[in-house]
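Below: the structure, in structure tokens.
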Amino acid sequence: MGKRSVIPFGPQHPVLPEPIHLDLVVEDERVIEAIPSIGFIHRGLEGLVKKKDFNTMTYVVERTCGICSFQHGMGYCETLEHIMDVEVPDRAKMLRTIWAELNRMHSHLLWLGLLADGFGFENLFYQCWRIREKILDLHELTAGARLIFSVNTIGGVKRDIDEDKQRTILETLSEVEKELKVIEKTFFYDYTVESRLKGVGILSKEKVHELGCVGPFARASGLAVDLRKLEYAGYSKIDFEPITSNDCDSYARCYVRLKELYQSIDIIRQAIAKLPADKTLSTPVKGNPKGEFIMRVEQPRGEAFYYAKANGTPYLDRIRVRTPTFANIAGLCEMLKNTELADVGLLVLTIDPCISCTER
């Protein structure tokens, strides 16, 4: 047995977009154990229910995470809509679906760029983020903002997407689809990518299920769990199946996210084709909520869990958010066992960590 040492990884590291801290127990250059330490950017967002009324909390919840803000807002609004027994108009449901998938696309393209940068492929990083800019432009065109949309409201949405904007979306997505096929060849067949990702960071399907992992991280190990199949928003009218891989390694996580980009394009096309003619965007909400409900939605990183308890006043008793990264940290620590120290930074990236929403 070689000498064991404890090496701190993070919270500041060149490969980390956000501060995560791991104590790595290493023997020579091999990781024996990873011990997480979180809480560096805790903001107390859940505690704001004592000061902000249930309508204002929509804006607070959206700021849980800048990357997946739309799904945070949608998850919160759907939770309150169930408590208050509010029926959301069909057009609003389909618009939520379109924005959710645009949000998923920008998140996955951001991650692919960060992954490329993580293993030193700077040109590939630029190409991913160049394509992502087109999706952000669609965000701005349809919602008025590039990241935090603020279009969700309890009872529906605040904005519509007219026919001209629908055509722009479809034209832009056709361009993006062609460009994705170019970078797909590099991600799937380039020697540099394969040498850093194939056979690295293996986590079996059984372990993924046992540890409760979610999202593309779980689907890359063969676990076909995708909460969009619960048919919230407008997904009940959308035809799709979860994308999975049985390779269980970092390459598989890259594969799943890339294929989900094509899937999102297809879902948006279906949603636009099925937009109801009725222009009603929201249902008026009267009174204050009373009761409790649990809502689960599929964010770009996986399952997000929302719990709200209301007491009949404008201020909620409790709101609880469990984000995908929180669920995946246990899988990350298991995956890091028996890996090379040099691969740790890249393996942390493969779960697409969002620490700001984990710590809230």
Side-chain angles (χ1 to χ4, degrees), residues 11 18-21 36-88 92 96 99-100 103 143-145 147-159 212 214 227 232-233 282-329 353-360:
E18 293 186 73
I20 183 173
H21 176 77
S37 177
I38 60 176
F40 286 91
I41 48 176
H42 173 62
R43 292 166 287 160
L45 295 185
E46 292 177 3
L48 287 176
V49 292
K50 299 175 183 177
K51 298 181 179 180
K52 308 290 184 183
D53 64 65
F54 70 92
N55 281 309
T56 308
M57 278 301 295
T58 306
Y59 298 96
V60 175
V61 170
E62 284 181 329
R63 284 151 180 80
T64 302
C65 173
I67 305 302
C68 41
S69 66
F70 180 81
Q71 279 97 334
H72 277 297
M74 180 175 65
Y76 172 79
C77 287
E78 294 221 3
T79 306
L80 269 294
E81 286 157 5
H82 279 89
I83 291 174
M84 302 181 78
D85 197 24
V86 174
E87 183 61 36
V88 178
R96 283 179 176 179
W99 277 314
N103 198 243
L147 286 179
I148 298 180
F149 293 11
S150 295
V151 291
N152 279 300
T153 186
I154 298 169
V157 295
K158 298 177 183 177
R159 287 174 174 257
V214 296
L227 295 185
Y232 61 87
S282 62
T283 302
V285 175
K286 297 179 181 179
N288 297 317
K290 186 173 184 180
E292 57 186 339
F293 192 78
I294 291 172
M295 184 71 197
R296 297 153 69 206
V297 301
E298 185 73 20
Q299 288 187 349
R301 296 172 174 88
E303 175 191 338
F305 169 102
Y306 299 86
Y307 166 77
K309 183 178 181 181
N311 55 21
T313 72
Y315 300 92
L316 301 178
D317 276 340
R318 182 76 169 95
I319 181 173
R320 172 78 172 94
V321 183
R322 195 203 73 170
T323 60
T325 301
F326 184 86
N328 286 335
I329 285 178
C354 180
I355 307 305
S356 66
C357 64
T358 301
E359 302 178 2
R360 299 177 301 288

Looking only at heavy atoms, what is the nearest atom pair of P289 and I83, with distance?
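Looking at all heavy atoms of both residues, the closest pair is CB-CG2, 3.9 Å.
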Can you see which heavy atom on I148 is nearest to which on S69, and at what distance?
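Nearest pair, atom of I148 first, then S69: CA-OG, 3.4 Å.
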Could you note down all residue pairs passing salt bridge (charged side-chain N to carboxylate O under 4.0 Å, His left out) where residues 64-80 supplies at least one of them, sequence neighbours left out?
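Every salt bridge (charged side-chain N to carboxylate O under 4.0 Å, His left out) pair that includes a residue of residues 64-80, provided the two are not neighbours, is E78-R96.
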Any heavy-atom pair between the side chains of [Y] and [X] that's under 4.5 Å?
{"X": "I20", "Y": "P36", "result": "no"}
{"X": "V214", "Y": "N328", "result": "yes"}
{"X": "R159", "Y": "S150", "result": "no"}
{"X": "Y76", "Y": "L80", "result": "yes"}

By side-chain hydrogen bond (donor to acceptor under 3.5 Å, both in side chains), which residues pair with [X], not counting sequence neighbours?
{"X": "Y59", "answer": "K158"}
{"X": "Y232", "answer": "none"}
{"X": "N55", "answer": "none"}
{"X": "D53", "answer": "T56"}

Mind checking what makes ring-ring contact (aromatic ring centres under 6.0 Å, His included) contact with H82, not counting sequence neighbours?
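For H82, the residues satisfying ring-ring contact (aromatic ring centres under 6.0 Å, His included) (neighbours in sequence not counted) are F293.
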Can you list the residues that meet the side-chain contact (heavy atoms from CB on, under 4.5 Å) rule with [X], with sequence neighbours excluded?
{"X": "A100", "value": "F70, Q71, M74, Y235"}
{"X": "Y307", "value": "E292, I294, F305, K309, R318, R320"}
{"X": "V86", "value": "E81, M84, T283, V285"}
{"X": "V49", "value": "M57, L316, I319"}

Please list, chain by chain and in numerical order, all residues satisfying salt bridge (Lys or Arg N to Asp or Glu O under 4.0 Å) with E62, sequence neighbours excluded.
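Per chain and number, E62 pairs via salt bridge (Lys or Arg N to Asp or Glu O under 4.0 Å) with no residue.
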E303: partners by salt bridge (Lys or Arg N to Asp or Glu O under 4.0 Å), with sequence neighbours left out:
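If we apply the salt bridge (Lys or Arg N to Asp or Glu O under 4.0 Å) test to E303, skipping adjacent residues, the hits are R296, R322.
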If you count heavy atoms of other groups shown closer than 6.0 angstrom to CZ of F326, is the number above 12?
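For F326, atom CZ is not crowded (no more than 12 foreign heavy atoms under 6.0 Å).
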